[in-house]
Structure formats: structure tokens, C-alpha cells
Number of protein chains: 4
Amino acid sequence: MYASQNILDMVKASASQRDLDVASLSEAITACLECHAICVMCADACAAEPHATMLARCIRLNGDCADLCEAVARVLGKIGTPHPPTMRTLVEACIETCQACAIECHKHEAEHDHCRICAEACERCAAACQHVLNVLLEGPSA
Amino acid sequence: MYASQNILDMVKASASQRDLDVASLSEAITACLECHAICVMCADACAAEPHATMLARCIRLNGDCADLCEAVARVLGKIGTPHPPTMRTLVEACIETCQACAIECHKHEAEHDHCRICAEACERCAAACQHVLNVLLEGPSA
Amino acid sequence: MYASQNILDMVKASASQRDLDVASLSEAITACLECHAICVMCADACAAEPHATMLARCIRLNGDCADLCEAVARVLGKIGTPHPPTMRTLVEACIETCQACAIECHKHEAEHDHCRICAEACERCAAACQHVLNVLLEGPSA
Amino acid sequence: MYASQNILDMVKASASQRDLDVASLSEAITACLECHAICVMCADACAAEPHATMLARCIRLNGDCADLCEAVARVLGKIGTPHPPTMRTLVEACIETCQACAIECHKHEAEHDHCRICAEACERCAAACQHVLNVLLEGPSA
């Protein structure tokens with residue numbers, strides 16, 4: 001698992017007075033940001049392929065995954081105030097969407113390297129979000 | 001329940017070949033868009049109040065709610081391809097966040113009219129999303 | 001020009017102590033929200049068409065336009081604190097993107113009704129944003 | 001200047017058939033993603049400070065900067081289809097907003113380390129976006 005050093009520095013500065021697993025949080029934010037951008041790029045690359053119609057489901061899941069990852073990156077970044085239990089549900093939705101997008105992208109990875117890279121980004125993001133769920137957001141969902 | 005005529009026209013045009021409850025979908029998209037924008041405005045108005053620190057939790061929930069509503073508006077708009085079951089989880093997360101934001105905003109409505117208007121927008125959005133869950137997205141969550 | 005009543009109520013509540021053209025602001029926020037959602041829907045409908053590859057440029061401009069409109073809706077909603085001159089540049093970028101997207105969508109309107117509706121939403125949004133530039137954001141760009 | 005390896009891999013895969021400065025593009029996307037997330041975190045940390053009202057302008061510029069950076073990250077990621085000249089205007093708006101946010105954040109950096117880190121992220125993003133303007137998007141603005 002990997003975190004951007006800049007993100008890690010900011011999480012540490014924001015969380016100075018709280019007892020948080022800053023490494024796990026930084027890794028999840030980093031993974032969400034990268035998955036967000038990579039999904040946007042994969043959708044655009046798919047739309048430019050000669051057989052874009054075959055990739056319609058991939059384009060759509062890329063879009064959903066990008067939107068979810070961005071929402072999770074924003075929500076996880078707001079660590080200065082107590083999080084509502086609803087954060088769990090959002091992160092769960094993100095994990096499910098990342099997994100669905102990874103499965104779809106893997107189907108096209110032999111033809112399209114952008115789909116392979118996107119599938120891997122989705123899997124990293126799902127794993128980092130699952131880790132945050134386990135470590136930071138344990139307890140019953142709302 | 002109310003839908004923007006422009007949104008309704010577009011949902012009809014996009015869904016021409018599918019058997020969809022276009023009214024419910026258009027109402028939910030309209031409610032999400034309005035709740036998104038109204039939450040952004042409420043957060044900004046709260047930050048400009050003399051006692052912004054007392055409104056920190058409101059600002060934060062406004063931000064989460066804006067992000068979730070925007071993600072749901074985007075995801076519900078992609079009706080041309082089959083939706084994954086994960087759409088349920090996202091809409092559920094949106095409903096929970098709208099409800100949490102409405103409860104917080106109601107606490108401040110006596111002092112701040114923007115909080116009252118925001119609470120009502122959150123309640124409309126939660127109701128419209130719940131209706132979409134019941135009508136369009138029935139079936140077990142992923 | 002048209003504004004959502006809910007958006008108008010919120011703009012009035014947020015702007016109570018300031019001398020603002022609330023009608024123009026509300027119309028622009030409403031137009032941006034609708035154009036954002038309609039562009040997302042048009043991109044998804046294009047991706048599902050049998051000749052999606054011919055629509056690649058339309059899908060791409062839809063995506064850009066959706067992103068810009070959403071950013072402008074957020075920025076225009078933050079009326080509680082003085083706006084920086086940079087707001088002008090963002091609104092100008094949105095107008096240009098709306099115009100480019102409208103031109104592209106008009107090319108496909110004979111075949112695809114969703115492209116016609118999207119072109120019209122882009123034109124409304126460009127006009128409403130131009131009006132806000134003229135009325136609310138006059139003065140030299142930064 | 002620094003780029004995420006994952007972003008760089010994806011830019012290379014998406015741009016395989018085009019003659020692009022993939023390093024500059026990857027650096028700008030990375031900088032926009034990080035600045036987006038760091039601005040969201042700074043706004044949230046500011047709202048939780050005892051003197052949040054003094055930070056209202058900072059919170060607002062953080063929000064604008066987050067929204068612009070996210071839009072630019074999305075737009076720069078869509079490299080598969082020819083970009084419109086309007087991309088220039090958006091990137092210019094982003095640079096201006098990053099600079100305005102950096103100036104404001106620097107005012108609070110003695111008291112708040114999150115503002116110092118945010119100012120630096122804004123400066124990195126402005127520089128990376130300016131480099132993309134010079135290298136990839138040269139030519140007259142629309």
C-alpha cells in the first residue's frame with residue numbers, strides 16, 4: 001500500500017490532535033484520487049477505440065467509479081469533525097463499484113492496456129478502502 | 001414531488017427504448033441537483049456567520065451531502081446501460097447523508113434561514129431517492 | 001430565463017445582507033445544474049449508440065461541459081464571501097465549453113434527440129453565465 | 001516536479017499513438033489531484049479551528065481551488081480525443097485560483113500548519129498547470 005507524501009503530510013497536519021491511523025487514511029485518499037483520474041482516462045480512451053460500442057459498459061462503470069472515488073476522497077479528507085456512520089455506507093458503495101469496474105476492465109485487458117491499468121487501480125482502491133473500513137470506520141453501519 | 005421540465009425531457013429522450021419510470025427518475029435527479037447546490041450554499045453561508053465554529057458540523061455534513069447528491073445525480077443520469085447493483089448502495093448512502101444533514105440543519109433553523117431551506121432540500125432529496133430505490137432499484141443490494 | 005424556486009429561495013436567504021441580483025444568480029446556478037446533468041446523460045446515451053465511435057468527440061465535450069458546469073454551480077453558490085476575480089475566468093471557460101459542446105451536439109441532433117436537448121441546455125447555460133458575467137462579475141479579469 | 005507512477009503509466013497507455021509530453025501531463029494531473037484533496041482537507045481543518053470566522057475567506061478559496069483542480073484533472077485526463085481551445089481557459093482559471101488560494105493560505109501558515117501545506121500544494125499545482133499550458137496547450141486561447 002502506498003500514500004503520496006504530500007497527502008500524508010496534510011493528513012498529519014489536520015489530524016494533529018486526534019488519534020488516527022494517518023497512514024491508512026493517506027493510503028486510501030491517495031488510492032481514491034488515482035483511481036478517480038485513471039477511470040476518467042480509461043473511459044476517454046475506451047470512447048476513442050474503434051469498437052467503442054463494445055466498451056459501453058466499461059465506459060459507464062469507469063464513470064461511476066470515478067465519481068464514487070472522488071466523493072470518497074473528499075469525505076475521507078474531512079477528518080477535522082466527527083464522521084457520521086453514513087461514511088461507512090459511502091465507502092462500501094465505493095468498494096463495490098471499484099470491484100465491478102475491475103471485473104469489467106479485466107475483460108478488455110488483452111486488447112487494451114488502459115483497461116489493465118485501470119483494473120489494477122480499481123483493485124488497489126477497493127483494498128485501501130476496505131482497510132479504512134476495518135481500521136477507521138469499524139462499528140455498525142447506520 | 002417535482003421534476004425540472006428540461007431534465008424530464010432529457011430522461012425521456014435517453015430512455016426511449018427502455019421501460020423506465022421516467023417521472024420518478026427525473027424527480028430524483030432534480031432533487032439531487034438542487035440539494036447539491038443548496039448544501040454548497042448553506043456551507044458557505046455558515047462559514048460566513050459570526051459563530052461559524054458552532055456550525056462546523058453543519059458545514060461538514062453540508063459538504064458530504066453535496067458530494068453524495070452530485071454523485072447520485074451523475075449515476076442516475078447514466079440510464080443508457082444496465083446499472084450495477086452497487087447503484088443501490090450509493091443511493092442508500094445518499095439517503096443516510098441527506099437525513100443526517102437535515103437533522104443537523106434543523107438545529108440551526110431558528111437562527112439561520114439558509115439552514116431551514118437546506119434541511120427541506122435534504123428531506124426532499126432523501127424522499128425522492130427512497131422512491132427511486134423502491135421503484136427502479138428494487139431487488140437485493142449487491 | 002428560468003430559475004428553480006428552491007434555488008431562488010436559497011440564494012435569497014444566503015444573500016440577505018448583500019445587494020445582489022438574486023434572479024440572475026439563481027438562473028445561472030439552475031442552468032449550470034441542468035446542463036451538468038443533461039451532459040452526463042447525453043454522454044451516456046451517446047456511448048450506448050450503435051455508432052458510438054462517431055460520437056467520441058461529443059462524449060468528450062459532454063464530459064468537459066458537465067465538469068465545468070458543476071464547478072461553476074459550486075462557485076456561484078458561494079456568495080457569502082467576496083469572490084475573487086478568478087471567478088470571471090472560470091465562468092468564461094464554462095461559456096466557451098458550453099458553446100463548443102452545443103456546436104458538436106447540433107451536428108448529431110437529426111439522429112439523436114438527446115443531442116438536440118443537450119445542445120439547447122448548453123446554449124441556455126452559456127446565455128445565463130454570460131448574463132452573470134455582465135451583471136455580477138463586471139470589471140477586469142484577474 | 002513529480003508524477004505518480006500509476007498516473008504516468010496510465011497516461012502512457014492512453015497516449016500510445018500520440019506524440020505527447022507524457023511527463024508534463026502526468027505531473028499536472030498528479031498536482032491537480034493532490035491540490036484538490038489538500039484543499040478539501042484545509043477547508044475542513046479551518047472550519048474546525050476556534051476562530052473559523054477569521055478563516056472564512058480561506059475556506060471559500062480552498063473550496064473553489066478544490067473544484068477547479070478536480071475539473072482540470074478530469075479534463076487533462078481526456079487525452080484520447082482532440083482538446084478544444086477552451087481547455088486553455090480552464091487551466092488559466094485553475095492557475096489563478098491556485099495562486100489566490102496560496103496567497104490566502106500563506107497568511108495563516110504561522111498559526112496553522114495545514115494552511116502552509118495547502119499553500120505549497122497550490123503553488124506546485126499552479127506551476128505544473130503553467131508548464132502544461134506552455135508545453136501542451138500553446139497557441140491562442142479560444
Side-chain angles (χ1 to χ4, degrees), chain A residues 2 4-18 25-26 29-49 52 62-63 66-67 69-70 72-83 109 112-118 120-121 124-125, chain D residues 2 4-18 25-26 29-49 52 62-63 66-67 69-70 72-83 109 112-118 120-121 124-125:
Chain A
Y2 131 93
S4 146
Q5 186 62 45
N6 295 322
I7 298 293
L8 184 59
D9 289 346
M10 187 62 178
V11 170
K12 281 181 184 165
S14 305
S16 55
Q17 70 280 52
R18 299 183 68 223
L25 192 58
S26 303
I29 293 172
T30 302
C32 283
L33 292 173
E34 292 190 357
C35 191
H36 158 64
I38 287 171
C39 280
V40 169
M41 287 190 264
C42 190
D44 189 57
C46 285
E49 295 288 350
N62 283 155
D67 296 342
C69 287
E70 188 219 317
V72 171
R74 282 181 176 260
V75 169
L76 290 181
K78 294 171 203 162
I79 53 181
T81 38
H83 61 79
E109 68 185 7
H112 306 301
D113 209 36
H114 51 78
C115 286
R116 178 187 60 77
I117 293 170
C118 190
E120 292 170 2
R124 275 195 304 273
C125 190
Chain D
Y2 131 93
S4 147
Q5 187 62 45
N6 295 322
I7 298 293
L8 185 59
D9 289 346
M10 186 64 179
V11 170
K12 281 181 183 165
S14 306
S16 55
Q17 71 280 51
R18 300 182 66 223
L25 191 58
S26 303
I29 293 173
T30 301
C32 284
L33 292 174
E34 292 190 356
C35 191
H36 158 64
I38 286 171
C39 281
V40 168
M41 287 190 264
C42 190
D44 188 57
C46 285
E49 294 288 351
N62 283 155
D67 295 344
C69 288
E70 188 220 314
V72 172
R74 282 180 176 261
V75 169
L76 290 181
K78 294 170 203 161
I79 53 182
T81 39
H83 61 80
E109 68 186 5
H112 305 302
D113 209 37
H114 52 77
C115 286
R116 178 188 61 76
I117 293 169
C118 190
E120 292 170 3
R124 276 194 304 274
C125 190

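In the text below, chain A, chain B and the rest are named by the order of the sequence lines, each starting its count at 1. Computed from a prediction, not measured in an experiment: that's the story for all the values here.
With a 4.5 angstrom heavy-atom cutoff, D:H36 touches chain A only via side-chain atoms. Residue D:I29 touches chain A through its side chain alone, counting heavy-atom pairs closer than 4.5 Å. Neither the backbone nor the side chain of A:C46 comes within contact range of chain D, judged by heavy atoms closer than 4.5 Å. For D:R124, the part lying under 4.5 angstrom from a heavy atom of chain A is the side chain only.
Within the 4.5 Å cutoff, side-chain heavy atoms of A:I7 are placed close to those of D:M41.
D:L33 contributes atom CG, which lies 12.0 Å from atom CG of A:N6 (distance to the nearest 0.5 angstrom). The distance from atom CG of D:D67 to atom CZ of A:R74, rounded to the nearest 0.5 Å, is 5.0 Å.
Scanning both residues, A:D44 and D:G77, for their nearest heavy atoms gives OD2-O, 4.3 Å. For the pair D:M10 and A:I38, the tightest heavy-atom approach, listed with the atom from each and the gap, is CE-O, 3.5 Å.
Looking at residues two or more places apart in sequence or on another chain, you find no salt bridge (charged side-chain N to carboxylate O under 4.0 Å, His left out) involving A:D9. For A:E49, there are no salt bridge (charged side-chain N to carboxylate O under 4.0 Å, His left out) partners at least two apart in sequence or on another chain.
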